[in-house]
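FYI, side chains are in, hydrogens and waters are out, and symmetry mates aren't considered; it's all heavy atoms of this structure. In what follows, chains carry the letters A, B, and so on, assigned in the order in which the sequence lines appear, proteins first and then strands, with residues in each chain numbered from 1.
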There are 4 protein chains.
Amino acid sequence: METKNISTGHSKESFIEKARRAQIMECAIETIAERGFAQASIGQIAKRAGISKGVVSYHFSSKEELMHHIVTALYVDGAAFMSRIAEETTPASMLRSYIETNLAFIGAHKQHVAAVMEIVWNARTEDGKLLYAKPANDAILVPLEAIIRWGQEEGSFRAFSEFGARVMAMTIRNAIDRAGSLLADPAFDIEAYTLEMATLFDLATRRQPD
Amino acid sequence: METKNISTGHSKESFIEKARRAQIMECAIETIAERGFAQASIGQIAKRAGISKGVVSYHFSSKEELMHHIVTALYVDGAAFMSRIAEETTPASMLRSYIETNLAFIGAHKQHVAAVMEIVWNARTEDGKLLYAKPANDAILVPLEAIIRWGQEEGSFRAFSEFGARVMAMTIRNAIDRAGSLLADPAFDIEAYTLEMATLFDLATRRQPD
Amino acid sequence: METKNISTGHSKESFIEKARRAQIMECAIETIAERGFAQASIGQIAKRAGISKGVVSYHFSSKEELMHHIVTALYVDGAAFMSRIAEETTPASMLRSYIETNLAFIGAHKQHVAAVMEIVWNARTEDGKLLYAKPANDAILVPLEAIIRWGQEEGSFRAFSEFGARVMAMTIRNAIDRAGSLLADPAFDIEAYTLEMATLFDLATRRQPD
Amino acid sequence: METKNISTGHSKESFIEKARRAQIMECAIETIAERGFAQASIGQIAKRAGISKGVVSYHFSSKEELMHHIVTALYVDGAAFMSRIAEETTPASMLRSYIETNLAFIGAHKQHVAAVMEIVWNARTEDGKLLYAKPANDAILVPLEAIIRWGQEEGSFRAFSEFGARVMAMTIRNAIDRAGSLLADPAFDIEAYTLEMATLFDLATRRQPD
DNA sequence: AATGAATGAGTATTCATTCAT
DNA sequence: TATGAATGAATACTCATTCAT
């Protein structure tokens, strides 16, 4: 199976090409995570990589393209990581797995997640619109909503209006996403956080006793 | 012996001054909310206000000061708005009021809230540290944690570990804050959102039947 | 800050870099000498060099750094030029050589000297203190005072109080420094000036007959 | 920072006008002396005077005019102060008196002198030419040259070429002028300086024994 | 494949001056 | 007389991008 690159004019990637792109992306991630999107100039990134600014432009046709690759790479990694969720057999365990798996992924990719959050909430088009962040009906909510509806139909979750399912999905997603920022604090206990989160949303979703 | 001050009538001059500052702040808020913190240059703000850049510098000694006023103004407005929460007499109703009141405030100050979020998450000092955003133990969580602990001690909420109370507070706060972004979508139904949110966290906090 | 180097391993002498820096320094010197420190903006300097403002910023990280290089370059040139003074074998001839050599150097570096004078007397730190000019006990007076004390101890100079030696040194230095300004006038005869100066200070320092 | 306010009262308008102009000039002198010509903005001067910028523009048609008044006022004061020099009856005593009187004047008008020096060496026309400082044949040298020629013709001074007389005059004037800067140092002993200076130039001018 | 050099638009801020009140 | 308000040009500096080598 072949993966196509966003066209940079290079149909093939040599080893050096790949290494350089990886190096630049890594340094960009570190810079964005540490200093924020706005402060992550190409110059800063290049300096951290110990290369000249021109190299960055050589390997990525624009800053925007570099950012796009950083975002995409995280989504690709994430998708692979998340596959285990689908193995769960009940809505409640799947929801718990969703929370645990996502937080585990975030814990394992602190900087990359932090950088992508920065990009998603700050990268804009020339006319000022957010480039990545989308309104409430974001595709990222789809799997979550599916779990919730499954639980509802299957009876182990309480009754949700369509909008109620979406709000629940958004709230869960928000709680997960914001965990990314919290990880900057080295004292932050991600495992305890995961446990509390799982409990919270288990209670919030389960069918109530009569 | 008395010394007389040359006191000229202040009401008029301070009116113009106040009006301009208000106008500039409003235009800054609109610009930040629509285009993001990084794109909200003094030039952009001035252009929106139909004035020259110098006017902004005349009324605000620095961009930082302008931002500070925008942030402070929202906190002042918010504090007044939130007073009604304290009137509630049970933990559950107070938590519900906290959510409702906060979301109502956000709904009534969409742009201002959006702008302050932008500032809080993007304004940085020269050395790259976030100027406003503070770690997880932010003061903003204090009232929420107090409600949760009250409910726990009083028995109507379930048992929380200390950390559990904090996680709950953070999750509620996140859900409220992110509502700000959602309001950009004109189709977004804030009242329904409020209702779902209140239910969600009521279930998540209430004491569980044996 | 860590850098992730992929070793490039070659360090090339940049002829262009040196040439540009030299060109910019030269144009800066001309601009400062002709129009004064305050009027010597980066824009003016760039315009004279026929380059864009950005080029100046590219080669010198700040205006202050450019000024520092201009000052330092003159001191380096000067130190080399002045070595001949030390070859003299009597206080009087050494004092004469000091005056002649300094004036010769000034005559040979009119603009550079004028520019450095401008910088020294005008460049200030943010809090308003002069950046280069130091109080009366400046290091520049040390060699002159040494000559005078030598002459006094050796007997060919008249008796000086400690302060008298300093005043003499300051006066000589002033006379030399101000020559820089006089050179702006093309009619100014530096050789005649040198002769008169040497005579003046020879008479002012020599031991008086009983 | 102290403000020199004038009391408002029901006095003549010309009194107020004079008082304001004097106040502004005084504050301008302090500002220039302390912070340098380039840092002495109208805003700074007005702030020190405790008035608005507009007042300065109201009383002085331009910054240039304000500077001109400051320079002129010093010359007027100086001319009056210097009258005693003319009472001397020998060239040597007159030269000594010139030095003593000038240094005494400088000592008595530290800030004003320092400010005027700043103005003279920094104020420029739009095309970059110095507005006040003139070439070597400056009018200020005339009286000094007259003393020297008198001494020469009368026989108590050594023989001077025409240019020699000018150089001597310039050197004396330089030594006097630079004393202005030295006064910033509170440890500077102006009386001892005066004594040394008088001796120095007495020796440099007197007729030499055969 | 990489780079040093250059550009030009864009940043916040300062300032002398003007003017209606 | 005095002032607050406004202006517009000027300041140093940053940055993504281009390009010849």
Side-chain angles (χ1 to χ4, degrees), chain A residues 10 14-17 19-20 38-46 51-66, chain B residues 6 8-10 12-17 19-21 38-46 51-66, chain C residues 6 8-12 14-17 19-21 38-46 51-66, chain D residues 8 13-14 16-17 19-20 38-46 51-66:
Chain A
H10 304 257
S14 73
F15 169 74
I16 291 183
E17 167 79 8
R20 265 278 189 260
Q39 276 66 37
S41 68
I42 295 217
Q44 279 296 325
I45 294 165
I51 56 180
S52 82
K53 283 194 298 177
V55 185
V56 178
S57 293
Y58 178 77
H59 291 281
F60 296 91
S61 66
S62 68
K63 191 180 183 180
E64 203 178 291
E65 200 217 338
L66 170 56
Chain B
I6 332 167
T8 51
H10 295 289
K12 193 168 120 198
E13 57 198 64
S14 75
F15 171 74
I16 293 181
E17 165 78 9
R20 260 283 187 257
R21 286 173 77 103
Q39 275 68 37
S41 69
I42 293 212
Q44 279 296 325
I45 293 165
I51 57 181
S52 85
K53 281 193 301 176
V55 183
V56 178
S57 291
Y58 177 75
H59 290 282
F60 295 92
S61 64
S62 69
K63 190 179 184 181
E64 204 179 290
E65 200 214 338
L66 171 56
Chain C
I6 289 180
T8 52
H10 71 98
S11 60
K12 196 173 64 177
S14 175
F15 169 76
I16 293 183
E17 165 77 8
R20 262 284 186 257
R21 285 175 76 102
Q39 275 68 36
S41 69
I42 293 212
Q44 279 295 325
I45 293 166
I51 57 182
S52 84
K53 282 193 301 179
V55 184
V56 178
S57 292
Y58 177 75
H59 291 281
F60 295 92
S61 64
S62 69
K63 191 180 183 181
E64 202 178 292
E65 200 215 338
L66 171 56
Chain D
T8 54
E13 44 193 90
S14 76
I16 291 182
E17 166 76 11
R20 264 279 188 259
Q39 276 66 38
S41 69
I42 293 215
Q44 279 295 325
I45 294 165
I51 58 181
S52 83
K53 282 194 299 177
V55 185
V56 178
S57 292
Y58 179 76
H59 290 282
F60 296 91
S61 64
S62 69
K63 192 179 184 181
E64 204 178 289
E65 200 215 338
L66 170 57

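- Heavy-atom nearest nucleotides on DNA chain F were determined for G43(A) and for V55(B), and the one closer to the 5' end corresponds to V55(B).
- To the nearest angstrom, P of dA2(F) lies 12 Å from CZ of F60(D).
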Q | Base-pairing string, 5' to 3', of DNA chain E - Watson-Crick or wobble, under 3.5 Å, | interstrand | A | .||||||||||||||||||||
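- One can place CD of Q44(A) at 14 Å from C1' of dA16(F), the figure rounded to the nearest angstrom.
- With H59(D) as reference, E17(D) is the one residue of R20(D), E65(D), E17(D) to meet the side-chain hydrogen bond (donor to acceptor under 3.5 Å, both in side chains) rule.
- Note that OG of S41(B) and NZ of K53(B) are 8.0 Å apart. Values are rounded to the nearest 0.5 Å.
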Which atoms of nucleotides 17-21 of chain F (N or O only) lie under 3.5 Å from a protein N or O atom, and what are those distances?
{"residue": "dT17(F)", "atom": "OP2", "partner": "K63(A)", "partner atom": "N", "Å": "2.9"}
{"residue": "dT17(F)", "atom": "O4", "partner": "K53(A)", "partner atom": "NZ", "Å": "3.3"}

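- Both A38(D) and E17(C) lie close to DNA chain E; mapped to their nearest nucleotides by heavy-atom distance, the more 5′-ward contact belongs to E17(C).
- When every heavy atom of A38(A) is checked against every heavy atom of A38(B), the shortest pair comes out as CB-CB, 4.5 Å.
- What you find for Q39(C) and Q44(C) is that their closest heavy atoms are O-CG, 3.7 Å.
- Atom CD of Q39(D) and atom P of dA16(E) are 11 Å apart (whole Å).
- Within the model, atoms OG of S57(B) and NZ of K63(B) stand 11.0 Å from one another, a figure rounded to the nearest 0.5 Å.
- Residue I42(C) holds its CD1 atom at 8.0 Å from OG of S62(C), rounded to the nearest 0.5 Å.
- Annotation for I45(C) and A40(C): closest pair CD1-O, 3.9 Å, computed over non-hydrogen atoms.
- Of all heavy-atom pairs between F60(C) and R21(C), the closest is CE2-NH2, 3.7 Å.
- Distance from the side chain of S41(D) is smallest for dC15(E) among the nucleotides dC15(E), dA5(F), dT7(F).
- Rounded to whole angstrom, the span from the NE2 atom of H59(D) across to the P atom of dT1(F) amounts to 7 Å.
- If you measure from atom CD1 of I45(D) to atom C1' of dC15(E), you get 12 Å, rounded to the nearest angstrom.
- Side-chain nitrogen and oxygen atoms of R20(C) include at least one within less than 4.0 Å of the OP1 or OP2 phosphate oxygen of dA6(E).
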